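Atoms within a ligand are numbered from 1 in the order they appear, just like the ligands themselves. Treat the numbers as computed from the prediction; the structure is a model and nothing was measured. Counting begins at 1 with the first residue of the sequence.
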Amino acid sequence: MQSTSLGRLDVPRIGLGVMGMSAFYTGAGRDGAESIRTIRRAVDLGVTHLHTAEVYGPYVNEELLGRAVKGRRDEVVLATKFGLVSHTGRPGPDSTPVNIRTAVDGSLRRLGTDRIDLYYQHRVDPGTPIEETVGALSELVEAGKVLHIGLSEAAAATVRRAHAVHPVAAVQSEYSLWTRDPEAEVLPALRELGIGLVPYAPLGHGFLTGGLRTLNGLDAADWRRTNPRFTGDNLTRNLRIVDQVREVADEVGATPAQVALAWLLAQGDGIAPIPGTKRIDRLEENSAADAVRLTPGQITRLNNLTPASGERHAEPDMAAVDQ
Ligand SMILES: NC(=O)c1ccc[n+]([C@@H]2O[C@H](COP(=O)([O-])OP(=O)(O)OC[C@H]3O[C@@H](n4cnc5c(N)ncnc54)[C@H](OP(=O)(O)O)[C@@H]3O)[C@@H](O)[C@H]2O)c1
């Protein structure tokens, strides 16, 4: 597995998001043993950049990851996020310094570690100036509880303000063949400042793999049943995107998931996607995308894919995204 840099943090180019092992998706939480085997296989394969958040579960996803890496802590880069659980009783996102100081100790305990390699604010908190939040994070760095800091779904202007207080290693945003939003402002700002981009949902929540052509196989509580891109006519329209990805995959001798990841890696250095899966076979498939090479012509065709129909999140979640 080749590596890349997020600020001053080196990571393998392909990581693993473990959210879906506990929350949001069909089958989440049903088989913790299989999830733990998948995480351990990831470490064996060099997929050592592992992502969770306090709010996934809440808490149980961090505990699961902590159990999985027990005894192998020094081999992995542990990333987690704070700010969507309030320990101060405040409604909504809470990135106040007092909340962060409580949150970090819980995450350290659940992950079974004395330091978090990359600690992200999950969503920008409109009620707390980013300078205060980053000031509190820099104190955690000084104390050795956190090694690098990150922001998630932050606008370019917020990233600049944060970086002026303490170096930001990475921004985590939704970025994939059907979500190109970061290209307009965030990615250019990150390049200028030497900050990495961690694309979340790089497989379009599974859609870009071609394995999700209807909602029939999804549990009633599966989060995608309420996502605009997966519902109504949008789902049917968006299938055209998957068909185009599959055409390229067939030419390359790869799978659609691998093409979706290889396209992200082809966007340049400092980009480290974190596809999520509970399954070892899919982990192996996704990590092999590191070796998939696309031609300039294929990249151009993928750049020009039919735009996605539907917002990437439902209305309340879109409202929480920093603009
Ligand atoms: N910062 C944020 O606000 C934010 C938001 C969302 C997610 N994230 C992070 O990003 C990570 C990844 O995002 P995500 O899980 O939402 O979406 P994703 O990685 O785009 O897709 C995950 C889905 O694809 C399926 N899948 C994975 N590999 C596959 C393959 N090779 N073939 C067929 N299906 C495959 C998975 O199912 P199985 O598990 O059944 O294989 C799962 O349903 C999360 O784990 C989380 O850490 C962050």
Side-chain angles (χ1 to χ4, degrees), residues 14-31 34-35 37-39 41-42 47 49-57 61-62 64-65 78-84 93 118-124 150-154 170-179 181-182 197-213 215 217-219 222-225 227 229-230 242 245-246 249 254-264 272-289 292 312-313 317-318 320-322:
I14 296 178
L16 176 67
V18 307
M19 175 191 83
M21 294 175 178
S22 310
F24 294 107
Y25 293 144
T26 294
R30 281 205 198 119
D31 187 356
E34 173 68 4
S35 295
R37 280 193 294 275
T38 301
I39 295 169
R41 178 72 180 133
V47 180
H49 180 208
L50 306 173
H51 265 260
T52 178
E54 180 186 37
V55 77
Y56 299 155
N61 198 239
E62 286 187 333
L64 177 84
L65 181 54
L78 287 181
T80 190
K81 311 190 234 23
F82 66 88
L84 291 183
L118 180 51
Y119 198 38
Y120 289 92
Q121 180 192 46
H122 207 146
R123 284 290 180 277
V124 174
L151 307 176
S152 176
E153 291 278 14
V171 169
Q172 184 175 142
S173 294
E174 183 169 352
Y175 186 35
S176 71
L177 280 171
W178 77 345
T179 299
D181 311 31
L197 177 64
V198 173
Y200 81 73
L203 304 174
H205 309 287
F207 188 75
L208 296 168
T209 69
L212 241 180
R213 298 186 75 89
L215 301 186
L218 301 186
D219 291 353
D222 193 293
W223 170 86
R224 289 164 290 200
R225 284 189 174 277
N227 180 286
R229 289 193 179 168
F230 288 87
V242 177
V245 176
R246 185 175 287 285
T255 67
Q258 290 172 332
V259 166
L261 295 169
W263 175 83
L264 281 169
I274 47 166
T277 181
K278 304 182 280 296
R279 291 171 39 168
I280 287 179
D281 57 341
R282 291 176 171 175
L283 166 83
E284 291 172 345
E285 176 187 335
N286 297 345
S287 65
V292 171
R312 61 191 179 89
H313 286 300
D317 291 335
M318 279 313 283
V321 169
D322 188 35

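- For Arg279, no nitrogen or oxygen atom sits less than 3.5 Å from a nitrogen or oxygen atom of ligand 1, counting backbone and side chain alike.
- Of all the heavy atoms of Gln172, the ones lying under 4.0 Å from any atom of ligand 1 belong exclusively to the side chain.
- For atom 1 (N) of ligand 1, the nearest protein heavy atom (residue, atom name, distance) is Ser152 OG, 2.9 Å.
- At under 3.5 Å, a nitrogen or oxygen of Gly17, whether backbone or side chain, sits near a nitrogen or oxygen of ligand 1.
- Contacts of Pro202 with ligand 1, taken as heavy-atom pairs under 4.0 Å, involve both backbone and side chain.
- Of the listed residues (Gly276, Gly206, Pro275), the one carrying the non-hydrogen atom nearest atom 27 (C) of ligand 1 is Gly276.
- Looking at ligand 1, you won't find any N or O of Lys81 less than 3.5 Å from one of its N or O atoms.
- Tested against Glu285 for a side-chain contact (heavy atoms from CB on, under 4.5 Å), the candidates Thr255, Ile280, Leu261 yield a single pass: Thr255.
- With respect to the salt-bridge test (charged N to carboxylate O, under 4.0 angstrom), the residues Glu34 and Arg37 qualify.
- Here's the thing with Glu153: none of its N/O atoms is less than 3.5 angstrom from an N/O atom of ligand 1.
- Counting only heavy atoms of the protein, atom 11 (C) of ligand 1 lies nearest to Ile274 O, 3.3 Å.
- Looking from atom 17 (O) of ligand 1 to the surrounding protein, the closest heavy atom is Ala201 CA, 3.4 Å.
- Between atom 38 (P) of ligand 1 and the options His313, His205, Arg282, Glu284, the minimum heavy-atom separation is to Arg282.
- Proximity annotation for atom 33 (C) of ligand 1: of Thr179, Asn286, Thr209, Leu16, Thr209 comes nearest, heavy atoms only.
- Some N or O of Thr277 is nearer than 3.5 Å to an N or O of ligand 1, by distance alone.
- When the heavy atoms of Tyr25, Trp178, Tyr200 are ranked by distance to atom 14 (P) of ligand 1, first place goes to Tyr25.
- For atom 43 (O) of ligand 1, the closest heavy atom belonging to the protein is Arg224 NH1, 3.0 Å.
- Only side-chain heavy atoms of Tyr56 come within less than 4.0 Å of ligand 1; its backbone N, CA, C and O stay farther off.
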